[in-house]
Amino acid sequence: FGYILSIKYYAQRVVKKLSEVSGFRERIKVVVFDLPVINAFAFKKGGALNLGLWGKTERYIALTTEIAKFSTKDELSFVIAHEFAHHYKNHFVVGVLGQFISQMSLTTLLLKPFSMVGLLSTVALAVSATLLRRQEKEADLLGVKFLRKAGYPCYGGVTFFQKLLKLVGTGSSQLVKLLHFFFSDHPDIKERIQRLKDVCEKN
């Protein structure tokens, strides 16, 4: 219990500093889940259908204890800044629509894979994944920008993704890479590492 509180306290301090340097005025609460998975995500509650898209909402950043154990302080700061950037840019409309499109498209593909509807579902799924990847890239870069303004080291994202790459393995066939490009909602890890390195090396 004490470990969870220490993670929450540290993350909340980072969020406060990021809010100050970015001018973001809405409150973001940190929640920590004691789960054996490396994960973090931003979400909103309240509003219409409790999706957080409009109306009165509450903003959150969720972390697992496993991602805190996996990360150094600099790396965890990057993870928090990445999720903070999702709030700053209010990426949630595309996220919710993307999840809906993915679920509907996958169902259609399973039921009618060779129909015109199935083809349109494939296109919709690819477009949705592309938009979500674009948001992830934006959150990476904006997160680093705010970290630097707040006085945190720049390379936390680089080392975090390097460690993650070792964990998931680097072996991947061309077919898997092609499927990832069209249907994954997160950018390639190697690309994220190089992009963050380039940003950090500029100054």
Side-chain angles (χ1 to χ4, degrees), residues 1-18 27-46 50-52 57-88 91-92 94-96 98-100 102-103 106 128-129 132-133 135-140 142-144 146-147 152-173 176-177 179-181 183-196:
F1 184 70
Y3 182 59
I4 291 176
L5 281 179
S6 66
I7 298 169
K8 185 175 180 179
Y9 176 73
Y10 177 77
Q12 204 69 68
R13 274 196 312 164
V14 175
V15 168
K16 183 180 178 182
K17 289 184 179 180
L18 295 173
R27 186 184 178 196
I28 301 174
K29 300 176 185 177
V30 175
V31 291
V32 180
F33 297 112
D34 190 12
L35 295 172
V37 290
I38 298 171
N39 199 12
F41 53 94
F43 67 100
K44 291 168 70 177
K45 286 178 62 179
N50 203 33
L51 294 175
T57 59
E58 294 182 325
R59 295 176 180 270
Y60 294 89
I61 290 175
L63 304 168
T64 63
T65 49
E66 193 65 25
I67 200 169
K69 293 174 185 176
F70 177 79
S71 308
T72 64
K73 276 194 172 183
D74 291 347
E75 291 162 0
L76 188 60
S77 297
F78 166 78
V79 170
I80 296 164
H82 173 96
E83 302 305 336
F84 175 87
H86 281 311
H87 281 292
Y88 184 87
H91 283 156
F92 302 99
V94 172
V96 171
Q99 289 177 5
F100 176 75
S102 296
Q103 291 173 1
L106 287 172
S128 171
L132 290 170
R133 284 198 304 271
Q135 288 190 345
E136 292 300 313
K137 292 176 185 177
E138 186 175 34
D140 280 351
L142 197 57
V144 168
F146 291 150
L147 281 177
Y152 290 94
C154 185
Y155 283 89
V158 174
T159 56
F160 175 81
F161 285 124
Q162 286 174 337
K163 287 162 66 174
L164 197 62
L165 187 61
K166 287 182 180 179
L167 190 68
V168 300
T170 56
S172 182
S173 68
V176 170
K177 289 178 180 177
L179 290 172
H180 181 279
F181 177 79
F183 300 117
S184 174
D185 58 5
H186 279 67
D188 180 76
I189 296 177
K190 288 182 180 178
E191 290 179 6
R192 296 177 89 167
I193 292 170
Q194 190 57 55
R195 192 178 299 112
L196 291 172

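- Among all heavy-atom pairs drawn from Leu147 and Leu18, the shortest one is N-CD2, 4.0 Å.
- Atom OH of Tyr9 has 12 or fewer neighbouring heavy atoms from other residues, nucleotides or ligands inside a 6.0 Å radius.
- For the residue pair Glu136 and His82, a side-chain donor N or O sits within less than 3.5 Å of a side-chain acceptor on the partner.
- Nearest approach of Ile67 to Ala40, heavy atoms of both residues: CD1-CB, 4.0 Å.
- Taking 4.5 Å as the limit, every side-chain heavy atom of Leu35 sits out of range of all side-chain heavy atoms of Glu66.
- When the options Arg13, Gln12, Glu83 are evaluated for a side chain to side chain contact (heavy atoms under 4.5 Å, CB included) with Val30, the one that passes is Gln12.
- Residues Ser71 and Leu76 approach most closely at CB-N, 3.8 Å, considering heavy atoms.
- Proximity of Phe78 to Asp140: side-chain heavy atoms (C-beta onward) are separated by under 4.5 Å at one or more points.
- Neither side chain, His86 nor Glu138, offers a donor N or O lying under 3.5 Å from an acceptor on the other.
- In this pair, Phe160 and Phe70 present their aromatic rings perpendicular. The plane angle is above 60°, beyond the 30 to 60° band.
- Nearest heavy atoms, Phe43 versus His87: O-CE1, 3.4 Å.
- At a threshold of 4.5 Å between non-hydrogen side-chain atoms, the residues Tyr155 and Asp74 do not count as touching.
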Ile7/Leu63 under side chain to side chain contact (heavy atoms under 4.5 Å, CB included): CA gap, chis, key distance, verdict
CA-CA 9 Å; Ile7 298 169; Leu63 304 168; 4.2 Å; yes
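- In this structure, Tyr88 places its OH atom where only 12 or fewer heavy-atom neighbours from other residues, nucleotides or ligands lie under 6.0 Å away.
- The number of heavy-atom neighbours closer than 6.0 Å to NZ of Lys73, taken from other residues, nucleotides and ligands shown, is 12 or below.
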